[in-house]
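Okay, so here's the structure we're looking at.
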Amino acid sequence: MDLKLGPILNLRATEEDFWDLSILVVSKTPTSDLTFRLEKGECISRSTLYQTKGFIASRFDVRVAREKEAVGVKYFLGFDFWIFNVPGRDTDPQMTFLSCNGFSAPSEIKKVDDKNAMWKALLFQHRIMPYNLMIMGGDQVYADEIWERCSEIKKWVELPRSKRRERKFTSLMRDQVDRFYFDLYCQRWKQPVVAEALASIPTIMMWDDHDIFDGWGSYAAEDQECEVYQGIFNIARKYFALFQQQLSIPEDEKHPSALPTKGFSTALRVGNYLVLSLDTRTERTQKQVLSRESWDLIWHHLDDLLPVNEGGPKHLLFVSPVPVVHADFGSIENLMGWLPGEQELEDDLRDHWQSPNHRAERLRMIHRLLGLMSDKSCRVTILSGDVHVACLGVIESERGAPAHGRSKVINQLTASGIVHPAPPKLMGWLLTQLSDEVEPIEQGITARMMELPTQRKKYILARNFLSLEPDRENRLWANWYVEGLDTPVTKVIHAIE
C-alpha cells in the first residue's frame, strides 16, 4: 500500500472498560478499498475526511476493550502492521509531553547534529515502558517557510505595509497556500522516527503559532484582519483540523472531546487524569487570548468534569502551549536592542501571558485554577512548551483557609523543543537573571521559576521531552529527558489528600 502519510493515532474518548481511538491515513486509495484490521478491538466505522490533489484522507474509528493488564494492540494496513498500547482497566496511562517539532529558520538546522535525536530517545523509552498517550503541546509543524515557498505570498510580503492590507486573497494565492500546508504535514510527519511514534502512540494535539505562522494572533488588528492573513489562517486551520484532530473537513466536525468553545480546546479523562488542551490561537488578538464567552464555557464544563465526590480525577493536566509562568518577558524585550544578531525568540517575547495586555486575563485564569484545586481537591499541573528550554515554574497561594498537603501549589512543567534547538547561552543567562525575583501576581498569590531538581539551575538549554509516569499512590513522576544528560531530571507531583 502506497501511503502518502500515516497511520497517525488520535485518542478520542476513554471509559473504564474501553479506549476509543481514530487512525488517519493519506493515500490515493479510496477509503472503502483500504484493507484494515485489528487483532484486538473492533473497527466501528471508516470515513473519508478530505480529498485534495488526488489524495484521500481516511479515518478508521476503533474501540479497544481494556483488560486487567495493559495490552498491545496490533493493527494492519495492507501487509504492514503497527502496535499501540492500552493501559489496564485500573491503571493510569503512561504519558509523554513534547512541543516544537521543527525549525523556525534554516539557520537553526545547522545547530544540531541529528535533528531527530530526541525522537529516537523517546522511542527508546517507549520500547522500555510503552507510552499510552502522547500529548503534543504546539508547533507540531513549522510553517514559517510560507513567505518564501509560495511565490504569490512572497510578492505580497514585499509590498509596502499599507498595500498589503488592501490586497485580495487571490485564487492563485489560495492554491499555493493550500498545497504548502498539505505538503508541510506530509513531509514533516513522514520522517521515519516521527512516523513511528505517531503510528504507535495515541495523541492529543493542540496548535501554537508556528502551526499557522510565527506570532499569529499578536499582530496589529489591521494586519491580522486583512484578507491575505485571514486566507492563510483559514487554510492552516483546515489542515490543523484534518491532521492534528482528524476531523471531517466538509462537515466542519468537532472532536468527541471538544469543549463547546469557538476554537479547538479539548478535555479528555484518562483514568485519574483530566487532560485539558487550551486553544490559545483561534481567538487570540493583541487584547485577548480567549474570549470571555469561551472562558465561561470552559470553566462551566470543567465544573461538570471535576465532581467533588470520590470518583473525580485526581490531577488536571492543563496544557497551555505558551508558559503561564516564565521570566519577565517585558524586561527581555527592552534588552533586545543590544543583543548581537537576530534573536529567534523576539516575536515570541511579545506573545506571552505576561504581556501587559494579557495580564488581567492571566490573573482570572490563575484564580480559577486555584479555585478548582480548593473546591474539587484536584491537583492542577500546567504543561507548556514554546520557549525551547526545560524549566519548572510554580504558582503559590496563601489566600483563604490554610493549605492542606500543599494544595495551593500549581506546578508548571515546560518541555521544549523535541527538535528545535535551545536559544543562545546569552539568552539563557538573561532568563536566569530575570527569574531571580518572586512575581507578586496579587496579594497572597505569587509565581516564580524554581531550580530544576538535582540541576541547581532554572533553565536547561538543550532539547528535551517529558515522560509523565503515574504511580499507584496517585503521584505523578515527571521526568525530563534532556539531550546530553545521561539520566532524566525528575519532579514528583503529589495528589491533594
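Summarising the geometry of Trp207 relative to Pro321, their closest heavy-atom pair is O-CG, 3.7 Å, with the distance given to 0.1 Å. Nearest heavy-atom pair across Trp295 and Glu361 is NE1-OE2, 2.8 Å. Across all non-hydrogen atoms, the minimal contact from Thr203 to Met136 is CG2-SD, 4.1 Å. Here the closest non-hydrogen pair linking Ile212 and Ala143 is O-CB, 3.2 Å. Closest of all the heavy-atom pairs between Ser99 and Gly385 is OG-CA, 3.3 Å. Leu268 approaches Ala13 most closely through the heavy-atom pair CD1-CA, 3.6 Å.
Atoms CG and CE, from Leu383 and Met95 in turn, are 8.5 Å apart once rounded to the nearest 0.5 Å. For the atom pair CZ of Phe465 and CH2 of Trp119, the computed distance is 9.5 Å after rounding to the nearest 0.5 Å. Distance check, rounded to the nearest 0.5 Å: CE of Met205 to CG of Leu98 gives 9.0 Å. Note: Asp208 CG to Thr280 OG1 = 5.0 Å, rounded to the nearest 0.5 Å. Of the inter-residue distances, the one linking Trp216 atom CH2 with Ile232 atom CD1 reads 8.5 Å to the nearest 0.5 angstrom. Here the straight-line distance linking atom CD1 of Ile128 with atom CG of Leu123 works out to 11.5 Å at 0.5 Å rounding.
No close placement of the Phe84 and His126 rings is indicated, their centers lying 6.0 Å or farther apart. For Tyr219 and Tyr229, the ring centers are positioned less than 6.0 Å apart. In this structure, Phe213 has its ring center closer than 6.0 angstrom to the ring center of Trp147.
The existence of a salt bridge linking Asp303 and Lys376 is confirmed by a sub-4.0 Å separation between a basic side-chain nitrogen and an acidic carboxylate oxygen. A salt bridge does not link Glu283 with Arg237: every distance from a Lys NZ or Arg NE/NH1/NH2 to an Asp or Glu carboxylate oxygen is 4.0 Å or more. Ion pairing between Glu396 and Arg448 holds under the 4.0 Å rule for side-chain N and carboxylate O. Between Lys238 and Asp178 there is a salt bridge, since at least one side-chain N of the basic residue sits less than 4.0 Å from a carboxylate O of the acidic one. For Asp351 and Arg284, the salt-bridge test passes: some basic side-chain N is under 4.0 Å from an acidic carboxylate O. With respect to the salt-bridge test (charged N to carboxylate O, under 4.0 angstrom), the residues Arg463 and Asp114 do not qualify. Ion pairing of Lys120 with Glu196 is absent here, as no side-chain N (NZ or NE/NH1/NH2) approaches a carboxylate O to less than 4.0 Å.
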task = Applying side-chain contact (heavy atoms from CB on, under 4.5 Å), run through Asn411 and Leu392 and close with a yes or a no.
result = CA-CA 7 Å; Asn411 291 285; Leu392 170 65; 4.2 Å; yes

Stepwise side-chain contact (heavy atoms from CB on, under 4.5 Å) test for Leu363 and Glu442 = CA-CA 8 Å; Leu363 175 62; Glu442 198 177 58; 3.6 Å; yes

task = Just do the side-chain contact (heavy atoms from CB on, under 4.5 Å) check on Trp19 and Leu11 with the steps written out, would you?
result = CA-CA 8 Å; Trp19 269 39; Leu11 189 60; 3.3 Å; yes

ask   = Does the side-chain contact (heavy atoms from CB on, under 4.5 Å) test come out yes or no for Glu451 and Lys457, once each step is laid out?
value = CA-CA 5 Å; Glu451 287 190 351; Lys457 62 177 71 172; 6.0 Å; no

ask   = Given the rule in the side-chain hydrogen bond (donor to acceptor under 3.5 Å, both in side chains) test, do Tyr481 and Thr96 qualify, once you have shown the distances and angles that lead to the verdict?
value = CA-CA 10 Å; Tyr481 284 89; Thr96 181; over 6 Å; no

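For His358 and Gln286, the side-chain atoms include no donor-acceptor pair closer than 3.5 Å. Donor-acceptor pairing under 3.5 Å is recorded for the side chains of Asn10 and His255. Between the side chains of Ser467 and Tyr131, at least one donor N or O lies within less than 3.5 Å of an accepting N or O. With hydrogens and angles left out, the side-chain atoms of Thr414 and Ser384 include a donor and acceptor closer than 3.5 Å. Residues Asp386 and His352 have side chains that bring a donor and an acceptor to within less than 3.5 angstrom of each other. There is no side-chain donor-acceptor pair under 3.5 Å between Glu483 and Asn464. A side-chain donor-acceptor contact under 3.5 Å links Thr490 and Asn479. Side-chain atoms of Asp211 and Tyr142 form no donor-acceptor pair, as typed in the model, at a separation below 3.5 Å. Under 3.5 Å, the side chains of Ser291 and Ser294 contain a donor-acceptor pair of N or O atoms. Defined by atom type and a distance below 3.5 Å, a donor-acceptor pair is missing between the side-chain atoms of Asn85 and Asn132. Of the N and O atoms on the side chains of Asp144 and Ser104, not one donor lies less than 3.5 Å from an acceptor on the other residue.
Under the 3.5 Å distance criterion, the side-chain polar atoms of Asp92 are matched with a main-chain donor or acceptor of Asn272. Asp214 places no side-chain N or O within donor-acceptor distance of the main-chain N or O of His210, the cut-off being under 3.5 Å. Side chain of Arg362 to backbone of Arg364: no donor-acceptor contact under 3.5 angstrom is found. In this structure a side-chain-to-backbone donor-acceptor pair under 3.5 Å is present from Gln412 to Val324. In terms of modelled atom types and a separation under 3.5 Å, the side chain of Gln224 and the main chain of Thr285 share no donor-acceptor contact. For Asp279 (side chain) and Thr282 (main-chain N/O), a donor-acceptor pair under 3.5 Å exists by modelled atom type. Judged by distance alone, the side chain of Lys491 and the main-chain N or O of Pro453 form no donor-acceptor pair under 3.5 Å. Looking at Ser416, its side chain does come within 3.5 Å of a backbone N or O of His388 through a donor-acceptor pair. Gln245 contributes a side-chain N or O that, together with a main-chain N or O of Phe264, makes up a donor-acceptor pair within less than 3.5 Å. Using a distance-only test at 3.5 Å, with no hydrogens or angles considered, a donor-acceptor pair links the side chain of Arg359 to the main chain of Gln354.
Under the 4.5 Å side-chain criterion, counting only non-hydrogen atoms from C-beta, Val141 is in contact with Trp189. Contact check for Val325 versus Ile410: no side-chain heavy atoms found under the 4.5 Å cut-off. Side-chain contact between Met373 and Ile496: present, with at least one pair of heavy atoms (C-beta onward) separated by less than 4.5 Å. Taking the side chain as every heavy atom from C-beta outward, Ile460 and Leu452 approach each other to under 4.5 Å. Contact annotation: the side chain of His326 approaches that of Tyr459 to within less than 4.5 Å [non-hydrogen atoms, C-beta and beyond]. Residues Lys458 and Asp436 meet the side-chain proximity criterion, which asks for heavy atoms closer than 4.5 Å. Counting heavy atoms from C-beta on, the side chains of Ile441 and Thr446 never come closer than 4.5 Å. Looking at heavy atoms from C-beta onward, Leu476 lies in side-chain contact with Leu468 at the 4.5 angstrom threshold.
Ring orientation note: the planes of Phe243 and Tyr185 are close to parallel, at an angle under 30° on the 30°/60° scale.
Gln433 CD: more than 12 foreign heavy atoms inside a 6.0 Å radius. The environment of CD in Gln187 is crowded: more than 12 heavy-atom neighbours from other residues, nucleotides or ligands sit within 6.0 Å.
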